[in-house]
Every structure is written in structure tokens, then in C-alpha cells.
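Treat the numbers as computed from the prediction; the structure is a model and nothing was measured. Side-chain atoms are counted along with the backbone in the values below, which use heavy atoms only and exclude waters and symmetry mates.
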Amino acid sequence: MELDRLDLLILDHLQANGRATAQELSEAAHLSPSPSHRRQRLLEEAGVITRYVALLDQDKVGLPVNVFVTVKLANHKDETLRGFERAIEACPEVMEMYEMTGASDYLLRVVASDVAAYETFLRGRLTHIQGVQSFESALALKRLVYRTNLPLRQGGR
């Protein structure tokens with residue numbers, strides 16, 4: 001789907017406020033409510049908008065610890081890669097997982113209530129996943145930048 005300026009205005013507004021009304025979206029895109037709503041539905045059907053969520057404050061829900069974990073697998077056989085990915089997808093404390101180039105195969109962002117809870121994740125889950133050769137953890141001291149909005153107006157758009 002080719003996104004035009006109006007689509008980007010709608011998407012930008014929805015990133016800031018996923019509960020925006022049809023009227024609010026129409027004002028953001030400078031359209032009447034009906035065409036604005038139709039564009040929103042088309043963006044959903046095309047998979048540009050994948051879902052709507054509520055963003056929570058990690059500290060206020062008791063999960064203030066962020067740990068970044070690099071994982072190296074014993075081999076790169078498809079069954080090893082897919083097995084690791086499936087095992088990690090089943091771990092609710094893993095918020096993000098990226099397949100990487102370089103010295104590590106994967107980068108994970110894990111949340112926990114405290115360091116002891118993170119250790120429980122390591123000893124009870126990560127070390128038991130078949131194919132894990134090694135891992136390295138880096139505990140984040142403080143989050144300085146956190147964005148959920150993609151920079152839609154960047155890159156010449």
C-alpha cells in the first residue's frame with residue numbers, strides 16, 4: 001500500500017492517541033469524518049495498523065528492570081533457530097527479540113521486577129533452551145529515550 005500525506009497524518013495522530021475519535025482524526029487529516037474513517041479502515045485492512053494497545057508505565061506495574069541480553073547459539077541450523085525463537089516467544093518477560101548480525105545471534109529486552117526475578121528467568125528459562133551456547137546480560141541503569149511513535153515525517157516524506 002502506497003501511503004500518501006493524508007494517511008501519514010492519520011497514522012501520526014493514531015500513534016499519539018490510539019483512542020482518537022473519527023472527528024479527531026478527520027481534523028488531524030483535514031478531511032471530513034467519513035473519508036478519514038474509511039482511510040483508517042483501509043490502513044487496518046492493509047496491515048499498516050496492526051493493533052491498538054494501552055502503553056503502561058513499567059515502574060507503576062512493578063517491572064522497573066530492563067535487561068538487554070545477547071544470545072549466541074551453538075549452530076545456525078534452521079531447527080535450532082526456530083526452536084529458540086519459539087521458546088523465547090513463550091516467555092512473557094521478553095518484550096523484544098531481534099535476530100542480529102555480528103558476534104551474537106539474538107538481542108532480547110527482558111523486563112523484571114528486580115534482579116532476582118531476572119536471575120529466575122535466566123536459570124529457569126534461558127539456560128534450558130536447547131541450542132543456547134552463551135549469553136551476556138547488560139542491566140539498564142536508566143531509560144533515557146523511549147518512543148513508540150515511528151518518525152513518519154522523516155526520510156523525505
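Salt-bridge annotation for R143 and D59: absent, with no side-chain N of the basic residue lying under 4.0 Å from a carboxylate O of the acidic one. Remark: R82 engages E85 in a salt bridge, criterion side-chain N to carboxylate O under 4.0 Å.
A distance of 8.5 Å separates CD of E89 from CZ of R86, quoted to the nearest 0.5 Å. Rounding to the nearest 0.5 Å gives a distance of 10.0 Å between CG of L14 and CD of E24. The structure places CG of L152 at 6.0 Å from CG of L11, a figure rounded to the nearest 0.5 Å. To the nearest 0.5 Å, atom CG of residue N17 and atom CG of residue D12 are 12.0 Å apart. Within the model, atoms CE of M100 and CG of D105 stand 10.5 Å from one another, a figure rounded to the nearest 0.5 Å. Distance OG/S36 to CZ/R41: 10.5 Å, rounded to 0.5 Å.
Counting only residues at least two apart or on different chains, the ring pair (Phe, Tyr, Trp, His ring centres under 6.0 Å) pairs with a member in residues 57-104 are F84-Y106. Among residue pairs with one or both ends in residues 2-22, none qualify as ring pair (Phe, Tyr, Trp, His ring centres under 6.0 Å); sequence neighbours excluded.
Proximity of E96 to L107: side-chain heavy atoms (C-beta onward) are nowhere separated by under 4.5 Å. Annotation: side chain of F135 is in contact with side chain of L122 (closest heavy-atom distance under 4.5 Å). A 4.5 Å side-chain heavy-atom check between V94 and R125 finds every atom pair outside the cut-off. With contacts defined as side-chain heavy-atom distances shorter than 4.5 Å, the pair V111/V65 does not qualify. Residues N66 and R109 form a side-chain contact, since some pair of their non-hydrogen atoms from C-beta on lies under 4.5 Å apart. Looking at heavy atoms from C-beta onward, Q58 lies out of side-chain contact with P64 at the 4.5 angstrom threshold. Counting only heavy atoms from C-beta outward, the side chains of L144 and K142 approach each other to under 4.5 Å. Side-chain contact check for R39 versus D7: some heavy-atom pair is nearer than 4.5 Å.
Between S104 and T70 the shortest heavy-atom distance is OG-CB, 3.3 Å. For the pair L73 and V132, the tightest heavy-atom approach, listed with the atom from each and the gap, is CD2-CA, 4.0 Å. Looking at every heavy atom in both residues, V67 comes nearest to S137 through CG1-CB, 3.9 Å. Of all non-hydrogen atoms in A87 and C91, the two that sit nearest each other are O-SG, 3.4 Å.
With hydrophobic clusters built from ILVMFWY side chains whose heavy atoms lie under 4.5 angstrom apart, L9 does not share a cluster with L42. No chain of hydrophobic side-chain contacts below 4.5 Å, direct or via other Ile, Leu, Val, Met, Phe, Trp or Tyr residues, connects V53 to Y146. Neither L6 nor L25 shares a network with the other; the hydrophobic side chains, linked directly or stepwise wherever heavy atoms of I, L, V, M, F, W or Y lie under 4.5 Å apart, form separate groups for each. In the hydrophobic cluster analysis, where Ile, Leu, Val, Met, Phe, Trp and Tyr join through side-chain heavy atoms closer than 4.5 angstrom, M97 is grouped together with Y118. By the criterion of side-chain heavy atoms lying less than 4.5 angstrom apart, applied directly or through intervening Ile, Leu, Val, Met, Phe, Trp or Tyr residues, L108 is grouped together with L81 in one hydrophobic cluster.
Counted within 6.0 Å of CD on E44, heavy atoms from surrounding residues, nucleotides or ligands total more than 12; the atom is thus considered enclosed. When the shell of 6.0 Å around CD of Q133 is examined, it contains more than 12 heavy atoms from other residues, nucleotides or ligands.
Without hydrogens or angle criteria, Q15 side chain to L150 main chain gives a donor-acceptor distance under 3.5 Å.
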